[in-house]
Structures are given as structure tokens and as C-alpha cells.
Amino acid sequence: MSDSAAPEISTLKQEVIDLRRQLEEKENQLFAEEVKAKEGKEGGEKNEKKNKKKKKDKQNELELLPVRGTRDFPPEEMRMRTWLFGEFRKVAKQFGFEEYDAPMLESVELYTRKAGEEIVDQMYSFTTKEGNKVTLRPEMTPSLARLVMQKGKALLLPIKWFSIPQCWRFEACVRGRRREHFQWNMDILGVPEITAEAELIAASICFLQNIGLTSADVGFKINSRKLLQTVLDKAGVPASKFAEVCIVVDKLDKIGEDEVRKQLLNLEVANEVCDTILKTLQIKTLDEMEAQVGKSAVVDELQKLFDLLKAYGFEDWVQLDAGVVRGLAYYTGVVFECFDRAGELRAICGGGRYDNLLKETYKYNTQVPACGFGFGDCVIVELLKDKKILPDFTNRDVQDLVAPFNEEMRPAAVSVLQKLRAQGRSADIYLRKGDLKKVYSYADRISADRVILVGAPEEWKEGKVVVKDLRAEKEEGYKGDVVPVDELV
């Protein structure tokens, strides 16, 4: 490559950064417009009703929409959330993890570290009536560390724990990112070997497979912070600046090389060292890494990780990318991110090793090797929608709807209802007075499989009911089958 080509490449890279910024601005604008469109209702009559309702609501000073950046979960959305959390829990159980939880409200002190992390500025924090500074948790790992230290030596290591906490960060609302979100956390403590990272990445890939995604849809970028640490050590950069440097270079895709260089210079990193750092971030293979830092422990460790993931059967899912460093200060070794190969969404999940969090950050009396990942609920749902593989959650999964022939037969209908529920079936009962037309309309609305009519005079005397299967194909005029109550299940 000629020297004259270098400036042109640099210019092109900067143009790409500028375009990415413009794209993010457009995405923010699009998101805002989509929210407005969702809030409205099509059709003149509906809009007129809504406008009247808005005026009434305004008079009553009641805001019906959730606070910006948060979500309501009506039944159809709750069904989706329950399904997603169920898939999280299924994989965690398959991999031998135990579930835990902690208060949503934590001490601010738990999150205030000295590395300029954005997370500190994004916290929903306040002072309690008792004068304590607290915050809605922005992430779960510090809560996990607190719980482990609380248990002390009573806790036998290693442990494999998971949780699905709700987390809060005040940041820009774009597609796949809100100010509150749920996050599947998986952590392994007490294992210093790379086997822990391999197990965590394998678990996340198994989840992705279970919900219908393939290695053609998503992939994992893997790196080790030890690579950058080696480069900085050789350049004579003090170890005390390492975490700050990582936080700066993690913003490369957002702010571009020029701004990264500027911020590194502000940290008193020499210009030639900035060149080396930026060159290092371009490494995509282990051979390139070895050429940069020589045959070293970091190369050997990453090679072992990729070999283990190949043994798991996930070779096609993973790749080396030295540009991945993660923005949290406590990471010490291997870091990784899951991304969609179409490049349309932000990171799907991310994690890494944090061996020093307990002892150095929280001054615990014991070194506890640890690693883990966080997997948010927002981006993955957007990806499933894009791929058109998100399950249909419109149905309520009600198996039986019981309806009395008349109000005098309601006690008998309730007894049938309870027998069905005792057998483990999902059964509803028509609670209002009404004719069969209304009963079947309600059955259709709740997606019931069967309607069970209790109290038709001739049948009930013989201990029988009328069962109409709403899912089976029947001849025209089919009114149901007469079935003994004892044979309903």
C-alpha cells in the first residue's frame, strides 16, 4: 500500500463514522415517530374518540402512557415475556445454574467506581427519607458481588448462578434500548480457567438455537483485555490508566478514531502509543495477535477457548475481534459480545471475566475469580421480529370453557369446572348470564379448545355434559358430543 493511500483510507473511515452517527440520529427520529404512530388510532371515528378521551384525561390530569423509556405489560405482552424468561430458565437449568435475586434498590456506593464509566451518570439515584443514597440497580453484577461477600466462607465455590433482574439506566431511547429492561445474567465464580467462559458462551448459543436462530443470523466477537494490557505494559503506560483506556477505546464505533485519540491524549497516552492501540484494535485472527505481541499467555488462552467452543460444536458462531473491550471498568480478561450479522441492531448480549471485582473494588478479603454475561430482553425480541420467528402470543392457551345451561345449573357447572382444574387443565367459566351465541363468542376470544355445556336437562340427569371441540374439523351443523363427566379428561 502506498503512503498516499493512507490519508484516503483515514478519510473513508471518518466518513463511515459520520454516517453511523447520522444513522443513529435517524433511528432515534424513526423510533419517536413509531411511538407517536402507535399511540394514535387509525380512522376518523377512532381518532375522534381518542381526542375526546385525551381531553378528559387532561382535565383529570392523568397520564395514561408509561413513563418514557419504560413499558406496560398487558396480557399479550406478558405472555411473550413469560415465554422469553422460560427459555432463559430452561437453558440455565440445562447448564446446572441456580437462580437468585436481590433488591431492585441498592446503595449508590455499590456502583461508584473510579474509571469514568457512563453507568454512574445514568443511574436513577436519590436520597431516602433516612438520608441514605440509593439507586435503582443499573446492572446486577455488583449485587451478585455483595451477596457473595455477605455469605463469605459459608458459600462453597465454585458456584453457577443466574438471575433475570429488571435494570434501570437513564439513556437515549432507541430501537432495542429502553431506560428499563430485564436482563438474563449468568455468572460462574471460583473458576480461574477459561473453561468458565466457554461454558457461558455455550449456554448463550444454546438459548439462541432454542428460539430458532442460527450462526447465519448471529455471531460472537471474542477478545481478551489482556491483549491491550500487554500492549500498554510494553509501551510503559501505568497500570492505573488501564481501565480508563478501555472505557475510551470501547467508544471507537460511536465516536471514531480521531475522538478516541483525543481522549487518549487527554489521559496522557503518547501519540505513538495511540497509534499502536488503534492498530491493535484491528486484529481479527490469532496469527495477527501473535505477530503483534508474540507467543504469549493471552494468545494461548484464547486458542484454548476457541478449541473448547469447537468441541461444543459452536465453531461457526464465534470469531476473534480485538476491537471488543467492553465499557465496564471491572473486566480483566476475556470479553465477548453477541451481534446480529445484518448489523442492524446493537449488541444482543455481552460479558467477560472480572477476577478483581470483589477484592480490589470492594476490598473483600479473598480473591474470587469470576466471569459472566448479561443478555437483555429488548434487542433479542427486535431480532426475532425482524426474522419473523417470534411466536404468536395472541392465544391465551385456555383448554376448556365451562358454561351452565341456565343460572340454576351454575353450581353444577362449577363442580365440573373444579374437576377439570383438579386434573391440571386450564379451565375458565362463563361468568355472566347469556345465550350460547355469547358463550361461543367469548370462547373464541379466549382461544378455548373446548366448550363444555353443563345442565342440558336430558344429559345432566345421566351425569353427562355436551362437549364441543372448537379445534377439530366437524361436519356442518355439529353441535357437540355427549360425554360422561368422568370422561372429560
Rounded distance [0.5 Å steps], CG in D386 versus CG in D340: 8.0 Å
Over all atoms of both residues, closest heavy-atom pair of W161 and L155: CZ2-CD1, 3.7 Å
Value rounded to 0.5 Å, distance of OG1 in T135 from CZ in R169: 11.0 Å
From CA spacing to verdict: side-chain contact (heavy atoms from CB on, under 4.5 Å), R346, R175: CA-CA 9 Å; R346 59 198 302 266; R175 188 182 180 215; over 6 Å; no
Partner of Y354 under ring pair (Phe, Tyr, Trp, His ring centres under 6.0 Å), chosen from Y330, F373, Y362: Y330
Interatomic distance, N132 atom CG to T127 atom OG1 [nearest 0.5 angstrom]: 8.5 Å
Pairing residues for F85 by the ring pair (Phe, Tyr, Trp, His ring centres under 6.0 Å) criterion, not counting sequence neighbours: F182
Working for side-chain contact (heavy atoms from CB on, under 4.5 Å), residues L228 and V245: CA-CA 9 Å; L228 191 55; V245 170; 4.2 Å; yes
side-chain contact (heavy atoms from CB on, under 4.5 Å) between L144 and N185, intermediate numbers included: CA-CA 10 Å; L144 170 64; N185 281 61; over 6 Å; no
Pairing residues for K388 by the side chain to side chain donor-acceptor pair (under 3.5 Å) criterion, not counting sequence neighbours: none
Those residues that, when tested against N210, pass side chain to side chain donor-acceptor pair (under 3.5 Å) (two or more places apart): none
Parallel, tilted or perpendicular: rings of F393 and W83 (30°, 60°): tilted
Y124 and W168 aromatic ring geometry - parallel, tilted or perpendicular at 30°/60° bounds: perpendicular
Those residues that, when tested against R79, pass side chain to side chain donor-acceptor pair (under 3.5 Å) (two or more places apart): none
Spacing of NZ belonging to K226 relative to CD belonging to E301, to within rounding of 0.5 Å: 3.5 Å
Exceeds 12 heavy-atom contacts within 6.0 angstrom, atom CD of Q367: yes
Heavy-atom pair with the smallest gap, counting every atom of C371 and L200: SG-CD1, 3.5 Å
Flag, side chain of R146 to backbone of L110, donor-acceptor distance under 3.5 Å: no
Test side chain to side chain donor-acceptor pair (under 3.5 Å) applied to K151 - qualifying residues, sequence neighbours left out: none
F220: partners by ring pair (Phe, Tyr, Trp, His ring centres under 6.0 Å), with sequence neighbours left out: none
Plane angle bin for Y312 and F314 - parallel if under 30°, tilted between 30 and 60°, otherwise perpendicular: parallel
Nearest atoms (heavy-atom pairs only) where A203 meets M186: CB-CE, 3.7 Å
Straight-line distance of C349 SG to F339 CZ, nearest 0.5 Å: 11.5 Å
Test log, rule side-chain contact (heavy atoms from CB on, under 4.5 Å), inputs V108 and M123: CA-CA 9 Å; V108 166; M123 295 193 303; 4.0 Å; yes
Derivation and outcome, salt bridge (charged side-chain N to carboxylate O under 4.0 Å, His left out), residues D377 and R71: CA-CA 12 Å; D377 68 324; R71 297 166 289 176; 3.0 Å; yes
CG on L264 to CG on N271, rounded to 0.5 Å: 10.0 Å
Enclosure of F73 CZ (heavy-atom neighbours >12, cutoff 6.0 Å): yes
Axial cation check for Y331 ring with R225, 6.0 Å and 45° limits: no
